[in-house]
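Note sheet for the following structure.
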There are 6 protein chains.
Amino acid sequence: MYTDLPEDQLRSYRSAQTEPADFDAFWRKTLDEARAAGGDTAAVPVPTGLTTVDTFDVTFPGYAGEPVRAWLRLPRGADGPLPAVVQYVGYGGGRGHVLENLVWASAGFAHLQMDSRGQGSVWSRGDTPDSGPAGPQVPGVMTRGIEDPHDYYYRRLFTDAVRAVDAVRTLPQVDPDRVAVLGNSQGGGTALAAAGLVPDLAAVVAHVPFLCDFPRAVVVTDAHPFREIADYLATHRGHDEQVHRTLSYVDGVNFAARADAPARFSAALMDQTVPPSTVFAAHNAYAGPKEIDVWRYNGHEAGGPDDDAAALRFLRRHLGA
Amino acid sequence: MYTDLPEDQLRSYRSAQTEPADFDAFWRKTLDEARAAGGDTAAVPVPTGLTTVDTFDVTFPGYAGEPVRAWLRLPRGADGPLPAVVQYVGYGGGRGHVLENLVWASAGFAHLQMDSRGQGSVWSRGDTPDSGPAGPQVPGVMTRGIEDPHDYYYRRLFTDAVRAVDAVRTLPQVDPDRVAVLGNSQGGGTALAAAGLVPDLAAVVAHVPFLCDFPRAVVVTDAHPFREIADYLATHRGHDEQVHRTLSYVDGVNFAARADAPARFSAALMDQTVPPSTVFAAHNAYAGPKEIDVWRYNGHEAGGPDDDAAALRFLRRHLGA
Amino acid sequence: MYTDLPEDQLRSYRSAQTEPADFDAFWRKTLDEARAAGGDTAAVPVPTGLTTVDTFDVTFPGYAGEPVRAWLRLPRGADGPLPAVVQYVGYGGGRGHVLENLVWASAGFAHLQMDSRGQGSVWSRGDTPDSGPAGPQVPGVMTRGIEDPHDYYYRRLFTDAVRAVDAVRTLPQVDPDRVAVLGNSQGGGTALAAAGLVPDLAAVVAHVPFLCDFPRAVVVTDAHPFREIADYLATHRGHDEQVHRTLSYVDGVNFAARADAPARFSAALMDQTVPPSTVFAAHNAYAGPKEIDVWRYNGHEAGGPDDDAAALRFLRRHLGA
Amino acid sequence: MYTDLPEDQLRSYRSAQTEPADFDAFWRKTLDEARAAGGDTAAVPVPTGLTTVDTFDVTFPGYAGEPVRAWLRLPRGADGPLPAVVQYVGYGGGRGHVLENLVWASAGFAHLQMDSRGQGSVWSRGDTPDSGPAGPQVPGVMTRGIEDPHDYYYRRLFTDAVRAVDAVRTLPQVDPDRVAVLGNSQGGGTALAAAGLVPDLAAVVAHVPFLCDFPRAVVVTDAHPFREIADYLATHRGHDEQVHRTLSYVDGVNFAARADAPARFSAALMDQTVPPSTVFAAHNAYAGPKEIDVWRYNGHEAGGPDDDAAALRFLRRHLGA
Amino acid sequence: MYTDLPEDQLRSYRSAQTEPADFDAFWRKTLDEARAAGGDTAAVPVPTGLTTVDTFDVTFPGYAGEPVRAWLRLPRGADGPLPAVVQYVGYGGGRGHVLENLVWASAGFAHLQMDSRGQGSVWSRGDTPDSGPAGPQVPGVMTRGIEDPHDYYYRRLFTDAVRAVDAVRTLPQVDPDRVAVLGNSQGGGTALAAAGLVPDLAAVVAHVPFLCDFPRAVVVTDAHPFREIADYLATHRGHDEQVHRTLSYVDGVNFAARADAPARFSAALMDQTVPPSTVFAAHNAYAGPKEIDVWRYNGHEAGGPDDDAAALRFLRRHLGA
Amino acid sequence: MYTDLPEDQLRSYRSAQTEPADFDAFWRKTLDEARAAGGDTAAVPVPTGLTTVDTFDVTFPGYAGEPVRAWLRLPRGADGPLPAVVQYVGYGGGRGHVLENLVWASAGFAHLQMDSRGQGSVWSRGDTPDSGPAGPQVPGVMTRGIEDPHDYYYRRLFTDAVRAVDAVRTLPQVDPDRVAVLGNSQGGGTALAAAGLVPDLAAVVAHVPFLCDFPRAVVVTDAHPFREIADYLATHRGHDEQVHRTLSYVDGVNFAARADAPARFSAALMDQTVPPSTVFAAHNAYAGPKEIDVWRYNGHEAGGPDDDAAALRFLRRHLGA
């Protein structure tokens, strides 16, 4: 069943999220510090048994220069430099297994799949630890450090995401002018953050992006992981204002308003995990060229491989290949 | 938690399943009729946007010569003839989307992914209708035609599986002496059926194979789809004997006793859907060379991509590539 | 809790369902073909141990002349010809056991309880197979053949329903001018179909009728069996238009608009399975004389035996006895 | 799945339940007091719309002479005096609606369906209040008054059950030498109580009888209503001994050891509500002639109408009709 | 997620509940009879091992003079007479264990925790039996005697509540002019009843009070215990009017309109058990001075210890200590 | 229902857990480093509104000298020095609210309730952050740093627990020779760790202690939080050996074998969260004087306030007061 507003109201819906005055300064300083921390990017070949795709175990410097892992997949024998797709992962998962997720390299792109620090243990494995202060928290990462924007988990993850783009651009096989970011759910929210923080992306793909429009999201769904925030506030009564202040620094709605790369969204009208109004909140705020596919009979799986196929056409259009 | 016998008892467990006297005659006649029905195999190229894999929409003659669909994926530019992997699908799914399941072709194999007639609507899509008598049944296909082995759904599906091997061997890109069958869950049970019915396979991969050891399976788990049989018998009281007779014609234990190709199994000790004793029942009865991986902390997902990686090594060993 | 619109809005609610241009032609042709296929009606006495009710195992020609089973129950020793009640069954069930459902014969009616082809295995048993093409489908019968109105399961079931009325009128114990149709849930939806397709029924009873107002039903409830349609479309993305076209040929709203026999409906305000708005959609479109009982504190069980008692009075009024 | 011991162990299982020394004295005194309280039995005709069955609203004196309601159904026009079936109802239900449960009268028996005091609100309605002390209790009646056998709910219900037999024997339409008791679940347990307390019954039918073998029952299932006892003891820690003492006065195992009428039992191997070992505990202790049907693939619904059909044959054999 | 109306609509929401004409007479007569029945209050010291709190096992005369249990806790060595807090308990629980609930005495109040007759077995234990007629009912006490306001369970419980205030005022350690009532959920509803029936209370604390605004409550939530009423009406069809009449005699909305003591409420916007509109219904009808805390991210636990802390400050303000 | 071995087998059950050769060295070094890190203990009075209990917000140096929070509650006006109870908290919770948990101080003990670093957000609030490496992990803390005993969460928590005893002994109000540790579930497991690491405790109370006998625990229950370990291993296949090695450093069984203070355990036979065999594994290995209460009808709540009451008597016996 439909889980949110009627479709026509979704089309015109605007989030009530606000921007902290120092939003841009906060992120500029965060990224400046991460870049200043330096660190090298290494790519070690991995034997996989595949004959059409070459795979590398990549380590690049992320938040505070901390090492972050990724898989780099390249179509074997392709003439470079290649257009690149940097992919971010959904909640709970990591960069996964080398044999998973072969679509983008098989389609001719250099494909960097970034690990999610401290996640990677629920539905796909990861190899990157989280750092930083870990205050009292609800299980999961949604409320890790949520009392202060400087301590919040997503400050670190989104910085990793920006630095992944930085890293991929240094690879000899990649054409730095043709880099896209892509993800679904948490990966889509992360792609929107990158879109708002990296000025010259070639394209952005955010399928059912999570982490948008927190003021509405936390009161219109009982589903995890948005629910983790309500669970936290249920115990830590009276912290609402501070928690919502922190969330305003990582809300996809605020990143969308700063983005200019062509973007593709998708939303699903039967999605309980990421209510479609929160996707439209980001889409409707998105400052660059944009398109959105609405899946009327899907839950959070949304378009699944059909979203991938559409993204492939979209990326081909904007990056070539 | 462990869902079945202790591991040492699993290692020596033997099923109480029996063989109907006309088991071999039943299947010989079924396959003879299917082959006699003739029909052509067609392979139509499909544009997918992939650059390393060529994809074809295949139609081949299955049970009673009825058209069955499949995807054929080939590594682009590979020198043929290639070793081939025929894959069967898990319960409820179909051949899926062209962008899914790229591992086997990306590893250098010709990969034929057979559709499952009348399924393909729950977790991956299919395009092949079922035919034949559809008696009163519990939702799902487990009890479709279960009152008579001639009418039973799995007679048709397993015949399709054998004919898929026949079809792949006629393809110009395939080396007919190097064909393996592979699947997990229902796909693994189907692979065992093919292993028992096709005399000269190069290898068999059956991950957490479903459809084995019905006499035990239907009384030791409440999980679907084995549960569908108990649900049917709960309503159709007094039909137990006839239903179990039908099931003896399709039990993986009986196919295993006839197989001689090298086989790889996997079982999971926390699997509620396919209790590991039913997998060991087939493994322990398997007449050819065999190996089994036991996943102690997994449910029905078993080894997932780790099973794939092990299968890749196993197939490389037995088929080359 | 209430599951749908406030009661005053229900009273005036109109469905957005539309009629295909060839709706009447489609059904005229279907029924003509069924009648042209001929076939005999047989009624074999069944020993039941009952002393006040005589029971017969009936086989009559249904869709395409295929044999359909039913129970015929007659009050022993009653002077005929009797008014008759043709009853259709709820989703998943069949004609059941001879000892079940003695109300209508015990009240003096000839009672024909029609089996539901290919169902009859979930909560009551059946004995009639389905035929016809069975494309990829979600478990259950809601999506069997749903891509084409000619292949759709309910085309066959509703034809059986019409032919059951034809059959009962040929019975020597029945007064053909006093035949009513009755059912609840799927049985109620089937009764509405009969009401729209058989011109001279004496009465129609549709308790919480299922299968009405598909455009709304599939987006306002998560409960099965309406949910099967959303599940199908979730996998078969992009088939919405075709699927909704098929559904328009079997929507109770369209049958209701063609009916003229006096009708009794019931609806339940806490019904999640059949949202009351979909019942009112049919009721409000019903062209003949009509009444409706609203059960404010019931779910899909609705009035249960109280609906039966009310139906008994209603039938007595319109059929005598 | 099977919920209890293997079938061969069930066949020889003996309960560890013990008998309080004053068991017989307790019940003799209870029944003597009830009979001494006097009270009249009234049977008021009820208009139902049925033409083959006559229905009466009966009030008879139960525990402490308190009025208890029942439906009396008679086959219309049958020559009396008739053999009679006294039926007790499952947990939560009451005597139900007049249009329900027509089998026994339609088969030629006088059928008295006794209401269950203070229940009759969950799945079928009742009209008889409970009386007596109602100590702190878990919702439901399992722990009402459980601290003392004199206060316990089932002392009252079982006394009603005995007095129902007394009452039916006074009816002019009934042959007092041909009275059977029947029920399933709580009704079956109540029938066993009557079998142990009424010396000259013609037959006893106890389908999946509840309320047997409490020492085992409360520790081998989590399902309600046995679970209510564990829930009570979880809060009222340290009351185990007293509670089990009370239960020993109403355990079907102890009644079975005193019964001599021919008895029919049924048990279901997939029953979680009434574990089959507790049924066999009563069956194996039953002192009179006995038979048992085992339903291997059923849960608590057990044989359903097939149990009814078998009971009908059994009753015909022992009561005529 | 929010479970009810938006907060601004809650602020102005008014219940549709009505008052029976004899509401005041009904309660005056009930209380007069209870007081006329007499009975003594006894307080027996209980050894607990505590050194700062003295505990007494109190028995006082409640409804119809029946003995009701309570714990009396006093700060050891405090100079009396003390202000007192009479606390009522949530649904299913009783006065609990002597070591539980030490806050109020530790804060310097005489604390009387009243047992709930016939409950006290689900989450905390009780020791007081219920009496009176127990008609057919749904498990739980919500529908015990619900067909007649004189028989209804809450008539007895609320009379106990008033008599508990009477009793506490007779204690030598208590200042009868400084008595407050307090509770959450059912305890809060009971406190509102006391507030409406006892003219000279010093303060009232009703946290997420249950039992208010029945006309709305029973149709806007599926959660127990409000759900018990819908469950009852689902079986006892046609009794709505009578049941709602009974409920109007115990609705917190009607008591609130008669109260004049300063009151503190709390409501929780994610509460499914007690929808916040039903709390606001009582708050908005409350005739005395009032305040309300709204917990935006809590379910039925509401403010928990934060509600206690606020209540402590509120009581200190109105009672001193 | 019983969730584990029969009681007689529990009495003699021995865990298969083994000890790493450097177990003692590992912990000696860990504690030495923590003590060497220094840090002050501060106790700031907190206004609570209570008149019989004085409360202090304590900060003491824990693992690596990091500040850990606790509540210190003292009976007001008691003559010191007092015997002390150090309490550890169950999984997910923190030190809670100042108004909670007044039993121990009200009984005359100095009561230090230690916060659990990085938890305190699920059912009671906490205020202490976790530090240290946070590798990929399942939500919750069970698998945080589980790949290496040095990084594992429980190394830090157990060090905090030992340092809490150190800290309480420095308080002027406390008699350092009369300090007990106490907790239930995770708190009980932590108390066992303290019992094995602190040589001169006066008493130990471990109610249904969690974190014992990992080799059995992770395969005999599906319940969280033990389940987190299986979930981790399900994704991180092949890490079993390393993970179990880490767990052997924190297993309560190994701490129990080193303890000599008198200990009180409790276990619950219907406990799914902490299977009773894992409690007996620790109890049966416990080297000091010991007693155990078995709650036969309780789940993980075990004895609840009855466990508290028994612990109070036990502590009084061993600590005086």
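Only this structure's heavy atoms are used, side chains among them; waters, hydrogens and symmetry mates stay out. In this text the structure is predicted, and so the values were computed from the model without any measurement. Protein chains get the first letters and strands the later ones, always in sequence-line order, with residue 1 at the start of each.
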What distance do F:S106 atom OG and E:L50 atom CG have between them, rounded to the nearest 0.5 Å?
-> 6.0 Å

Would you mind telling me which of E:D306, E:D308, E:T48 has the largest number of heavy-atom pairs within less than 4.5 Å of chain F?
-> E:D306

Go through the atoms of [X] and report whether side chain, backbone, both or neither lie under 4.5 Å from a heavy atom of chain E.
X      : value
F:A105 : backbone
F:L312 : side chain
F:S124 : neither

Which residues in residues 85-101 of chain F have any heavy atom lying under 4.5 Å from a heavy atom of chain E?
-> F:H97, F:L99, F:E100

Which of F:R125, F:R313, F:R76 touches chain E most, by non-hydrogen pairs under 4.5 Å | F:R125

Step through the shown structure and confirm whether more than 12 heavy atoms of other residues, nucleotides or ligands are within 6.0 Å of CD on E:E301.
-> yes

For atom CD of E:Q272, decide whether the heavy atoms of other residues, nucleotides or ligands shown that lie under 6.0 angstrom number more than 12.
-> no

Could you tell me whether a side-chain N or O of E:T52 sits under 3.5 Å from a main-chain N or O of F:P75, the two making a donor and an acceptor?
-> no

